[in-house]
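Some notes on the structure that comes next.
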Amino acid sequence: MHKPVTPPAPAAPPAGDPPAGRRRLPEAGLLLVTVLIVAAVALRPVLTGLLDRPAAANWATIFVAITIQAVPFLVLGVAVSATIASFLPPGAIARWLPGRPALAVPAAAVLGAALPGCECGSVPIAARLTAGGVTPAAAFAFMLSAPAINPIVLVSTAVAFPGNPEMVVARLLASLAASVGMGLLWIMLGRDDLLRAARTQRTEDGSKPAVFLATAQHDFLQAGGFLVIGAAAAAALQTLVPRSLVDSLASPGPVSLLVLGVFAVLISLCSEADAFVAAGLKQFSLTARLAFLVVGPMVDVKLFALQAGTFGPRFAWRFSLATFVVALTCAALVGWWLL
């Protein structure tokens, strides 16, 4: 009696091939850009008339400024992320960090000082680190510290506050403490189920340059779209919130720290430029301006959009609120001690 012949199982797709939907992502991004360009050309008369209005012109100026300021550092972050994906063995960075998460967090936070960039570039790098096996707590500590304590940011702070060199030390200590604090808080209270898998993937087939280009294209299309959304929201908030309201809240005390912390979230400045804005807010105390410098690189509107697009909105809401509280607390304590 013959045994029934079992049909062969369908061949699984190669491990390095991304899903069909993901393969279509670059084409979809290109189509979206094409549609926007065609729409802008077709609506040019309407848009020109709209920009004659002061509020609309102010929104457009702020939107373009935030985007142009952030894109070079987003490109830097994407390039580092693609380099990790294509040239480093899987899990290499995870093996370099200490095995215990409580030790990996401060090590990753200090490592952030080596990357000259802003928060826009640190998000895709953090996603790549978690995909490569780095504990999320350490990846988040790196994500928060890299835009806040790198040499370019510290030098710009020294130039912006020539008469207050203690501001550089205060910014370094408060930002490092907030980064490590958030990493340790994630170890204690973090929920990995809130993390949507970052849409980054190591492709096994093809040469390393080809993998680099494919990964960079994917990460830039993903992060760039959310950067534009965040920049548009930040420009709208800056246009709608009266400056006179901010000036009226500059009295000494915890209220002024909260005001400048919220202000930093709303205006979404790049960390390489925020010190010059803080130096101009002379109606506020040095401690309040320190809060502005510590909160801004860790929590702002465009950064929230980038985190939501990379790790998921549930994570972004909880992580951003917790980071705001921790950053503001660290700034207040270090400012009380040094300033």
Side-chain angles (χ1 to χ4, degrees), residues 25 29 32-33 62-82 84-85 108 112 115-131 134 136 139-148 150 153 175 178-179 182-183 186 194-201 215-238 264-274 295-324 327:
L25 180 62
L32 177 60
V33 172
I62 296 172
F63 170 74
V64 172
I66 291 176
T67 304
I68 292 177
Q69 203 177 45
V71 163
F73 298 103
L74 176 61
V75 171
L76 174 63
V78 166
V80 174
S81 172
I84 294 173
L115 180 65
C118 78
E119 59 271 23
C120 304
S122 64
V123 174
I125 297 174
R128 181 62 60 186
L129 291 177
T130 57
V134 174
F140 298 151
F142 174 88
M143 179 178 70
L144 296 176
S145 70
N150 70 71
V153 169
S175 299
S179 303
M182 277 304 300
W186 182 266
L194 292 176
L195 293 177
R196 186 180 65 196
R199 296 177 184 175
T200 50
Q201 176 172 327
T215 305
Q217 182 186 37
H218 174 273
D219 287 1
F220 183 79
L221 284 174
Q222 178 190 348
F226 285 96
L227 169 62
V228 171
I229 294 172
L237 290 169
Q238 290 190 55
V265 173
L266 298 183
I267 65 173
S268 301
L269 290 173
C270 189
S271 58
E272 276 75 14
D274 60 0
V295 170
M298 298 186 180
V299 190
D300 65 31
V301 173
K302 69 178 187 301
L303 181 56
F304 172 82
L306 286 169
Q307 290 178 355
T310 303
F311 297 108
R314 294 174 62 216
F315 164 83
W317 278 112
R318 291 166 171 80
F319 190 80
S320 296
L321 289 173
T323 303
F324 180 84

Identify the two heavy atoms, one from [X] and one from [Y], that lie closest to each other, and give their separation to 0.1 Å.
X: Ala146; Y: Ser122; answer: CB-CB, 4.4 Å
X: Asn150; Y: Gly112; answer: CB-O, 4.3 Å
X: Leu144; Y: Ala148; answer: O-CB, 3.8 Å
X: Thr130; Y: Ala139; answer: CG2-CB, 3.5 Å
X: Pro297; Y: Leu303; answer: O-CD2, 3.8 Å
X: Phe311; Y: Ala126; answer: CZ-C, 4.1 Å

Approximate separation, where rounding is to 0.5 Å, of [X] [atom1] and [Y] [atom2]:
X: Met298; Y: Thr323; atom1: CE; atom2: OG1; result: 8.0 Å
X: Phe142; Y: Ile125; atom1: CZ; atom2: CD1; result: 5.0 Å
X: Asp300; Y: Ser320; atom1: CG; atom2: OG; result: 9.0 Å
X: Thr310; Y: Met143; atom1: OG1; atom2: CE; result: 9.0 Å

- request: Please identify each residue that fulfils side chain to side chain contact (heavy atoms under 4.5 Å, CB included) with Phe324, with sequence neighbours left out.
  value: Leu258, Val262, Val265, Val295, Val299, Leu328
Ser145: side chain to side chain contact (heavy atoms under 4.5 Å, CB included) partners, not counting sequence neighbours: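 Side chain to side chain contact (heavy atoms under 4.5 Å, CB included) list for Ser145, sorted by chain: Ala109, Ile149, Ser179.
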query: Do the ring centers of Phe319 and Phe304 come within less than 6.0 Å of each other?
result: no
